[in-house]
Amino acid sequence: YVNLLPSGARNPKYPGDSADMLRARRAFLDRGHYRPLGEMVAERVASHLSVDTSGNGCVAEIGSGEGYHIGTVGRFLSERGMKSPRLFGMDRSKDAARMAAKRYRDVMFFVADVWRQVPFADASIRVLLDVFSPRNPAEFARVMEPGGLLVVVIPGEGHLAELRDAVGLMGMEEDKEERVRERLSAGFRLLHKRTLEYAMRLEGPDLSALVTMTPNRRHVDSKNMERLSIMEVEITASFTILEFARCG
C-alpha cells in the first residue's frame with residue numbers, strides 16, 4: 001500500500017478505524033454474514049462495466065477498510081471471466097490499508113483523507129464505491145468520469161434493530177437517505193434505489209465482533225458486552241443501495 005497522507009495532517013474529521021475494529025470486521029465478514037451485500041454491490045459494478053469489455057477505467061472504494069467490498073468486486077469479475085479494470089481502495093487508517101493489501105493483491109490500496117482530497121486525476125474513475133463511509137461530494141464529482149457510477153450503501157431503517165433495544169446501540173440517523181441524496185444532487189443524478197434485507201442467526205463471538213467493528217462499541221458497556229458473548233439471536237441486516245450517475 002502507499003501512504004499519501006501528509007505528515008502534518010492532524011486531528012482529522014475522520015480518523016479511521018482502530019486495529020481492534022478492523023480485526024473484528026474481518027472476523028465477522030469472513031463468516032459470510034454480509035456476503036449478500038458484497039455480491040449485490042459487485043453485481044452492480046459488473047453490470048455497469050459490461051457495456052465496455054476493454055477493461056479500461058478504474059474502480060475505487062472510499063473507506064475501503066480491510067478490503068472486503070473492493071476485494072469482492074475483483075473476485076466477482078474474475079469468476080465471470082470479465083477483464084478487470086484497475087482496482088483501488090482508499091482509507092484513512094494505515095492499519096486498514098496494510099491489512100487489505102496483504103489479502104487482496106489485485107487491488108492497490110492507499111492511505112488518504114477523504115475530507116482533504118481524493119488523490120485521483122479529474123474524470124479518472126469509472127465506478128466509485130462508498131459503503132458506510134464518509135462522502136465528499138465535490139471530490140467525488142471531480143474524480144469521476146461523466147456518466148460514471150457512484151454506489152452508496154447506507155443502513156436501512158431496520159438494520160440491527162434487535163440489538164438496539166437489547167444492548168443500547170446508537171439509534172439510526174433520521175432522514176439519512178434524504179440527506180445523502182441532497183448532498184450529492186449538485187453533481188449526481190439518482191439512477192436506482194435498491195433495498196436488501198435478510199435475517200442473520202448470530203452467536204456470541206459474531207455478536208461481539210459485530211458491535212466491536214463499528215463505533216457502537218464505545219456506547220456499549222462491559223456488562224452488555226459480556227451478555228453478547230453468550231447470546232444467540234436472529235438479527236436483521238438491512239441496507240439501502242443508492243446508485244448515482246455522474247452528471248455531465
Side-chain angles (χ1 to χ4, degrees), residues 2 4-5 13-14 37-65 67-78 80-92 104 106-154 176-196 239-248:
V2 179
L4 299 177
L5 193 66
K13 184 174 181 181
Y14 173 63
L37 173 63
E39 294 190 347
M40 176 177 276
V41 170
E43 189 280 327
R44 301 316 305 154
V45 175
S47 178
H48 185 77
L49 294 176
S50 65
V51 299
D52 180 1
T53 58
S54 68
N56 296 325
C58 301
V59 177
E61 181 183 5
I62 303 298
S64 52
Y68 178 79
H69 291 291
I70 191 68
T72 298
V73 168
R75 174 181 58 79
F76 191 95
L77 296 175
S78 176
R80 283 150 185 79
M82 296 181 65
K83 186 175 180 180
S84 179
R86 289 166 288 178
L87 303 174
F88 296 91
M90 169 182 156
D91 202 277
R92 180 60 175 75
Y104 302 104
D106 57 340
V107 183
M108 168 59 75
F109 292 94
F110 58 94
V111 182
D113 188 348
V114 68
W115 298 115
R116 296 172 63 88
Q117 186 179 41
V118 178
F120 289 111
D122 295 357
S124 62
I125 304 299
R126 180 160 300 166
V127 181
L128 192 65
L129 307 179
D130 187 286
V131 183
F132 295 162
S133 295
R135 291 163 293 279
N136 185 333
E139 278 295 282
F140 286 9
R142 180 185 66 79
V143 303
M144 290 193 66
E145 298 178 0
L149 178 70
L150 170 62
V151 180
V152 176
V153 180
I154 58 176
K176 185 177 182 66
E177 179 188 335
E178 288 74 12
R179 283 198 291 274
V180 170
R181 292 169 63 167
E182 181 179 358
R183 289 196 66 208
L184 291 168
S185 61
F188 296 88
R189 173 174 55 87
L190 183 67
L191 295 175
H192 300 287
K193 170 186 173 180
R194 305 176 193 274
T195 58
L196 175 64
F239 310 101
T240 298
I241 300 95
L242 302 173
E243 300 173 36
F244 298 88
R246 173 69 174 97
C247 298

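For reference, positions follow the sequence shown, starting with 1.
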**Asked** If we only count heavy atoms from C-beta on, is the Leu149 to Val151 side-chain gap below 4.5 Å?
**Response** yes
**Item:** From CD1 (Ile241) to CD1 (Ile154), nearest 0.5 Å
**Value:** 9.5 Å
**Asked** How far apart are the C-alpha atoms of Val59 and Leu49, what are their side-chain angles, what is the distance that settles it, and do they pass the side chain to side chain contact (heavy atoms under 4.5 Å, CB included) test?
**Response** CA-CA 10 Å; Val59 177; Leu49 294 176; 4.1 Å; yes
**Prompt:** Is there a donor-acceptor pair closer than 3.5 Å between any side-chain N or O of Asp130 and the backbone N or O of Val152?
**Reply:** no
**Message:** Test of understanding: with side-chain contact (heavy atoms from CB on, under 4.5 Å), list the residues that count as partners of Pro119, not counting sequence neighbours.
**Reply:** Leu4, Met90, Phe110, Ala112
**Prompt:** With side chains defined as the heavy atoms from C-beta onward, is the minimum distance between Arg75 and Glu39 less than 4.5 Å?
**Reply:** yes
**Message:** Going by the rule side-chain contact (heavy atoms from CB on, under 4.5 Å), which residues pair with Ser124 if we only count those two or more places apart in sequence or in a different chain?
**Reply:** Phe120, Ala121
**Request:** Identify, with sequence neighbours excluded, every residue that meets side-chain contact (heavy atoms from CB on, under 4.5 Å) alongside Glu145.
**Result:** Arg126
**Asked** Between Glu139 and Gln117, is there a donor-acceptor pair closer than 3.5 Å when you use the side chain of the first and the backbone of the second?
**Response** no
**Message:** Show the nearest heavy-atom pair for residues Asp106 and Gly74, with the distance to one decimal.
**Reply:** OD2-CA, 4.0 Å
**Complete:** Smallest heavy-atom separation, Phe188 atom then Cys247 atom, equals C-SG, 3.6 Å
**Item:** Non-neighbouring partners of Phe76 that pass ring pair (Phe, Tyr, Trp, His ring centres under 6.0 Å), sequence neighbours left out
**Value:** none
**Criterion side chain to side chain contact (heavy atoms under 4.5 Å, CB included) on Val153 and His69, from CA distance to verdict** = CA-CA 11 Å; Val153 180; His69 291 291; over 6 Å; no
**Request:** Measure from the side-chain N and O atoms of Asn136 to the backbone N and O of Val114, and report whether any donor-acceptor pair falls under 3.5 Å.
**Result:** yes
**Message:** Once side-chain hydrogen bond (donor to acceptor under 3.5 Å, both in side chains) is applied, do any residues pair with Glu182, and if so which ones, sequence neighbours excluded?
**Reply:** none
**Asked** Going from CD1 on Ile62 to CG on Asp91, what distance comes out if it is rounded to the nearest 0.5 angstrom?
**Response** 9.5 Å
**Request:** Any side-chain hydrogen bond (donor to acceptor under 3.5 Å, both in side chains) involving residues 239-248? Give me the pairs, sequence neighbours left out, ordered by first then second residue.
**Result:** Arg44-Glu243, Arg194-Glu243
**Asked** Which heavy atom of Pro134 sits nearest a heavy atom of Trp115, and at what distance?
**Response** CB-CZ2, 3.6 Å
**Request:** Find out whether Leu129 and Val45 are in side-chain contact, i.e. whether some heavy atom of one side chain is under 4.5 Å from a heavy atom of the other.
**Result:** yes
**Prompt:** For the atom pair CD1 (Ile70) and OG (Ser64), what is the distance rounded to the nearest 0.5 Å?
**Reply:** 8.0 Å
**Item:** Rounded distance (nearest 0.5 Å) linking atom CG of Leu184 with atom CZ of Phe244
**Value:** 5.0 Å
**Asked** Between Leu150 and Met144, what is the shortest heavy-atom contact and its length?
**Response** N-CE, 3.7 Å
**Asked** What's the verdict on side chain to side chain contact (heavy atoms under 4.5 Å, CB included) for Leu128 and Phe140, showing C-alpha distance, side-chain angles and the deciding distance?
**Response** CA-CA 8 Å; Leu128 192 65; Phe140 286 9; 3.6 Å; yes
**Message:** Tell me if a side-chain donor or acceptor on Thr72 pairs with a main-chain N or O of Tyr68 at a distance below 3.5 Å.
**Reply:** yes
**Complete:** Between Pro137 and Arg183 the two heavy atoms that sit nearest each other are CD-NH2, 3.3 Å
**Request:** Give the intermediate values and the outcome of salt bridge (charged side-chain N to carboxylate O under 4.0 Å, His left out) for residues Glu178 and Arg181.
**Result:** CA-CA 5 Å; Glu178 288 74 12; Arg181 292 169 63 167; over 6 Å; no
**Nearest heavy atoms of Leu77 and Ala46, plus distance in Å** = CD2-CB, 3.7 Å
**Donor-acceptor pair, side chain of Arg135 and main chain of Ser133, under 3.5 angstrom** = yes
**Item:** Residue pair Phe88, Glu61: steps toward the side chain to side chain contact (heavy atoms under 4.5 Å, CB included) verdict
**Value:** CA-CA 6 Å; Phe88 296 91; Glu61 181 183 5; over 6 Å; no
**Request:** Decide if atom CE of Met82 counts as having more than 12 heavy atoms of other residues, nucleotides or ligands within a radius under 6.0 Å.
**Result:** yes
